[in-house]
Amino acid sequence: MKATKLKEGIYWVGAVDWNIRNFHGYSTEQGTSYGAYLIVDEKITLIDTVKAPFAEEMISRISDILPPETIDIIISNHVEMDHSGALPAIRKYCPNASIYTSSPAGAKGLAAHYGDYGYLPVKTGDSISIGKRTLSFVSTPMLHWPDNMVTYCPEEKILFSNDAFGQHYASTGHFDDEVDLPILLDEAKKYYGNILMCFGRQIQNVGNTLKGLDIDIIAPSHGIIWRSHIDEILKVYGLWSANEPSTGAVVVYDSMWHSTEIIAKTICEAFADQDIPAKLYDLKTNHISNIVPEVLTSKYIAVGSPTLNNQMMPSVAAFLSYLKGLSPKNREAFAFGSYGWSGQSIELVEKELEACGFHICMDRIRINYIPSEETLREIYNNVQNMSK
Ligand code: FEO
């Protein structure tokens, strides 16, 4: 298999995972890829590896450029196994390669996964010379594991960013000017929302550190490499991590006999008629990881559930549990639903919305059986008054 050239002597040697459709509960309809990078210098350097089942693909791409036995240095930006899984396989070719990783979490994490390979821990401000080029390290803890770091090559102006700026997007095109930009940005948004949303403050801090760097290329370890739209991806990361959406509404629900659905549609219409862009998601037909990107950029969130066995619907519970883990905060929220006799679900939904860190902006909407036209008019007016 072929390597892909980024600049003279620098190559993508990763693997494309076309058929993965679930990544820890994240629905990966576009597949993904695992980015590993080879730098040919006085010291041959490999930055990150790939998921273990793709080791042979990576080794084949490395072999397109040089024998893997000649690798002198391996940089591990991240312990998670989609990037370190092929470390044992490549190390069989180059057992004496020096392995640099973050201090102390990277060294500890790699040892726990693969045993003691004599890791060389580095921290922010450390750099190594590999010949004509230098590699500098910036620790990015909790983006999204404690060990994460990024590697910057100042002579080439390339940031090897690992998970940051990535997307789950399999493609034969490797660069942002070789794929459809709106799709790429949508996938970057989905990736940010589902993986990085809870770490906005840390991303803002890292953003400040990276501001001082001259960057020609951002080479992440998932998806497409940024070289023509760097300003766009940095700008949206700045917006997303600021976590201050000023408009937009997301209405999410499940329904048994359509009453909660009718309320949901009325709420959605009330927002839209007020020029607040609104989206409606039935949890029976939408994957929760596809709803999160809309939550990321929306000011309002309304969640509805009928009552089933004194509880909210399991689909709604799963969505709210997932959302709570992503800690979105800083949004206006309310609960709604139809019920038959006990109707506990609506209050339970409201409590979960509070646990997400949202401000409850409206009394919960709790309708017995089927909402009348008059009730729907009242809901419509209340939503409009609340969001004026
Ligand atoms: Fe793509 Fe955190 O690994």
Side-chain angles (χ1 to χ4, degrees), residues 12-37 46-55 57-58 74-90 99-114 119 137-151 159-171 174 184 187-200 202-203 205-206 218-226 233 237 240-241 289 292-293 322 325-327:
W12 176 89
V13 289
V16 183
D17 192 347
W18 290 98
N19 294 312
I20 188 170
R21 288 294 176 268
N22 186 312
F23 199 122
H24 306 166
Y26 178 138
S27 152
T28 47
E29 288 103 345
Q30 305 264 13
T32 194
S33 66
Y34 313 106
Y37 297 93
L46 178 68
I47 299 183
D48 286 323
T49 71
V50 298
K51 202 172 175 181
F54 295 86
E57 182 172 335
M58 178 188 76
I74 300 171
I75 311 283
S76 173
N77 278 323
H78 185 22
V79 169
E80 194 167 10
M81 287 178 279
D82 47 339
H83 307 296
S84 70
L87 190 57
I90 190 66
I99 304 175
Y100 291 88
T101 185
S102 68
S103 168
K108 193 174 159 200
L110 288 178
H113 281 74
Y114 308 109
Y119 306 106
F137 307 106
V138 178
S139 178
T140 56
M142 295 321 297
L143 292 183
H144 62 133
W145 277 24
D147 64 279
N148 279 88
M149 69 175 193
V150 298
T151 299
L159 179 70
F160 299 96
S161 63
N162 195 266
D163 276 333
F165 308 111
Q167 335 86 41
H168 287 314
Y169 188 5
S171 169
H174 288 284
L184 175 60
E187 289 302 326
K189 182 180 178 185
K190 180 173 176 181
Y191 185 96
Y192 182 98
N194 283 281
I195 296 176
L196 299 174
M197 179 152 64
C198 41
F199 305 114
Q202 290 92 328
I203 289 170
N205 290 340
V206 171
I218 297 176
S221 289
H222 289 295
I224 304 301
I225 298 163
W226 303 92
I233 188 65
Y237 259 62
W240 298 335
S241 58
S289 64
V292 165
Y322 186 68
L326 291 169
S327 191

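No hydrogens, no waters, no symmetry mates; every other heavy atom, side chains included, goes into these values. Keep in mind the model is a prediction, meaning the values are calculated, not measured. In listed order, ligands and their atoms are each counted from 1. Residues take their numbers from the sequence shown, with the count starting at 1.
The backbone N or O of S27 lies less than 3.5 Å from a partner atom in the side chain of K190, making a donor-acceptor pair. Between the side chain of D147 and the backbone N or O of V79 there is at least one donor-acceptor pair closer than 3.5 Å. In terms of modelled atom types and a separation under 3.5 Å, the side chain of H83 and the main chain of V50 share no donor-acceptor contact.
Taking distances strictly below 2.8 Å, the protein N/O/S atoms close to atom 2 (Fe) of ligand 1 are H78 NE2, E80 OE1, H144 NE2, D163 OD2.
Annotation for K108: atom NZ does not count as buried by contact number, only 12 or fewer foreign heavy atoms lying within 6.0 Å.
A donor atom on one side chain and an acceptor atom on the other are not found under 3.5 Å apart for N194 and H168.
In this view, Y192 and Y237, W240 satisfy the ring-ring contact (aromatic ring centres under 6.0 Å, His included) rule, not counting sequence neighbours.
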